[in-house]
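Just below is one structure, and these are the notes that go with it.
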Amino acid sequence: MAGIISYGAYIPIYRLNRELIWLTWGGMPVGGEKAVANFDEDSVTMAVEAGNNCLSGIDRDEVDGLFLASTSTPYKEKQCAGLVAEALDLKRSTRTADFTNSLRSGTIAMRAAMDAIAAGSAKKVLVVAADCRLGHPSTEYEAAFGDGAAAILLGNSGIIATIDGSHTHYNDIMDMWRLDSDKFVRTWEDRFIITHGYIDNIHEAVKALLEEHSLSPADFSKAIIYAYDARRHTQLAKRLNLDAKTQLQDNMFTTVGNTGAAYTLMMLVAAFEDAKPGERFLVANYGDGADAFILTTTDAIENVKERRGIKYHLPSKMPLPNYDKYLRYRGLIQGYFHFENESSATISWRDRKWNVSCRGGKCLSCGNINFPPQRVCMYCQSKDQFEEVRLAERSAKLFTYSKDFLGPSLDSPVILCILDFDEGGRFYAQMTDRDPDKIEDGMPVELTFRWMHSERGIRNYYWKCRPLRVA
């Protein structure tokens, strides 16, 4: 039987106070803040972050599949799961698939992973969900939508949570949708989409699941249920006869926002972080129908408490100073941001081992790491004596840096850095997620996967560095 082996999550460091939106557009103020992806982040980079956190301490060669769930992938006709797998440095034979076009795609991908493991075609499958959606400016959805990602690793050994039952159904309803040419999510009238979409569908799925397994709402210690918003979340809990105060998992609506395809899995990760062995979870997700699951935690849940999940990222934040910066980060207003270089599909393909998988060359003669990989060691000049090593998860310290106030960036100044890995080797990178006034030589940093620039329809990704996140 397939179960969950590990988990991880990611929340961007920036937060936008919702009051700043209200001060610009007026209307009814909405409290709290929402998580906002940096200008160099998207659903792919956030998926890589969550996937890395999930795979901490796990042999990546054991992963047989990677399923990426998102409604906001940067490419419409190009598989993004393959790009995420490349950045996670998974083996070439890993099965990759994109699950798109539905807010329920995260749990649809989870069901597909369960089936693949049950059928014996895969032993471990990584499911990653990430979204960076846009509500039309001045609407409640602009304030409601947040950015984030979650990952779960499924398999049939070392299970931290068994999957004891599931139910799924589809429902062709026009509640939220986006055409290929749309930048913003479209919606129908609230009362219709909430009553006949969100509430009716989750109620139907949960009721069918509980009847099939002869369970009642009181049999669950925690209910992880997709939230349209905080008020409707509580309304749905009442409809399901759940105690909103003791059973309902925190929806993080006022601290992160609705993260789309990643939302339910992010709440599940948060529930795992506080879980004890033997707890029974009810998980329900919505989008063009509903999915519902019964999960039970095992003794192994205590072995994965050190993962970077919600608890690690939630208190670690920096405020966006104004609404204007949010609009610039999302490309809704245009600032001066021009690159002289052009993208090349040929070069990107040729250099993917080091600029996406982040592999360097360890010299077999002197032991030093050379990056980018090359034939002659820059330290001892030995030739063709290298082995490939992954650098992305290695700790480093800032050797030196410069601030470029004239360089093209939506977050000036550009911080150009030279890093020294603790295990040896040097890396050149830009710094992101930083306060320019709080950078010091010798400070600890880590690498993070980001997109650098887009040209001729090609989005170029590379590894930047960032200071270690602290609450």
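Along the sequence shown, residues are numbered consecutively beginning with 1.
With Glu440 contributing its side chain and Met443 its backbone, the two residues share no donor-acceptor pair below 3.5 Å. Under a 3.5 Å cut-off, the side chain of Tyr7 and the backbone N or O of Val304 do form a donor-acceptor pair. One N or O on the side chain of Thr139 and one on the backbone of His136 form a donor-acceptor pair closer than 3.5 Å. Ser70 places a side-chain N or O within donor-acceptor distance of the main-chain N or O of Ala130, the cut-off being under 3.5 Å. Here the side chain of Thr45 pairs a donor or acceptor atom with the backbone of Asp42 at under 3.5 angstrom. Side-chain N or O atoms of Glu41 include one that pairs as donor or acceptor with a backbone N or O of Asn38 at under 3.5 Å. Judged by distance alone, the side chain of Ser43 and the main-chain N or O of Ser72 form a donor-acceptor pair under 3.5 Å.
Lys91 has a carboxylate O that lies under 4.0 Å from a charged side-chain N of Asp64, or vice versa, which qualifies the two as a salt bridge. A salt bridge does not link Arg18 with Glu33: every distance from a Lys NZ or Arg NE/NH1/NH2 to an Asp or Glu carboxylate oxygen is 4.0 Å or more. Between Arg15 and Asp147 there is no salt bridge, since none of the side-chain N atoms of the basic residue sits less than 4.0 Å from a carboxylate O of the acidic one. Here Asp40 pairs with Lys464 in a salt bridge; the nearest charged N to carboxylate O distance falls below 4.0 Å. Salt-bridge annotation for Glu49 and Arg466: present, with a side-chain N of the basic residue lying under 4.0 Å from a carboxylate O of the acidic one. With respect to the salt-bridge test (charged N to carboxylate O, under 4.0 angstrom), the residues Asp411 and Arg328 do not qualify. Of the charged side-chain nitrogens involved, none lies within less than 4.0 Å of a carboxylate oxygen, so that Arg469 and Asp433 do not count as a salt-bridged pair. We find that Lys305 and Glu273 are not joined by a salt bridge, their nearest charged nitrogen and carboxylate oxygen being 4.0 Å or further apart. Ion pair Arg104/Asp291 flagged as a salt bridge, since at least one NZ, NE, NH1 or NH2 atom sits closer than 4.0 Å to an Asp/Glu carboxylate oxygen.
For Arg239 and Tyr198, the positive end is not near the middle of the six-membered ring at less than 6.0 Å and at most 45° from its axis.
Interatomic distance, SG of Cys80 versus CZ of Arg459, reported as 9.5 Å (0.5 Å rounding). Once rounded to the nearest 0.5 Å, the distance linking NE2 of His196 with CD1 of Ile193 reads 11.5 Å. A distance of 5.0 Å separates CZ of Arg390 from CG of Asp89, quoted to the nearest 0.5 Å. Separation of atoms OG1 (Thr259) and CG (Leu103) is listed at 10.0 Å; rounding is to 0.5 Å. Here CG of Asp98 is found 11.0 Å from CZ of Phe67. Values are rounded to the nearest 0.5 Å. Taking CG from Asn201 and CG from Asn171, the interatomic distance works out to 4.5 Å, rounded to the nearest 0.5 Å.
In terms of the ring pair (Phe, Tyr, Trp, His ring centres under 6.0 Å) criterion, Trp22 has no residue partners (sequence neighbours excluded).
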Item to check | Verdict with supporting geometry, Glu19 and Lys34, salt bridge (charged side-chain N to carboxylate O under 4.0 Å, His left out) | outcome: CA-CA 11 Å; Glu19 185 179 353; Lys34 71 172 196 168; over 6 Å; no
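Judged by distance alone, the side chains of Asn52 and Arg60 do bring a donor and an acceptor atom under 3.5 Å apart.
You'll find the side chain of Lys124 reaches within 4.5 Å of the side chain of Ile5, heavy atoms only. By the 4.5 Å heavy-atom criterion applied to side chains, Ile4 and Leu153 are not counted as neighbours. Counting heavy atoms from C-beta outward, Ser6 and Phe272 have side chains that stay 4.5 Å or more apart.
If you run side chain to side chain donor-acceptor pair (under 3.5 Å) between Asn258 and each of Tyr141, Tyr263, Tyr226, only Tyr226 comes through.
Residues Val48 and Ala87 share a closest heavy-atom pair of CG2-CB, 3.7 Å.
Taking the six-membered ring for Trp, His313 and Tyr10 have ring centres closer than 6.0 Å. Aromatic ring centres of Tyr461 and Phe449 lie closer together than 6.0 Å.
Using a 30° and 60° split on the angle between ring planes, Tyr323 and Tyr326 fall in the parallel class, below 30°.
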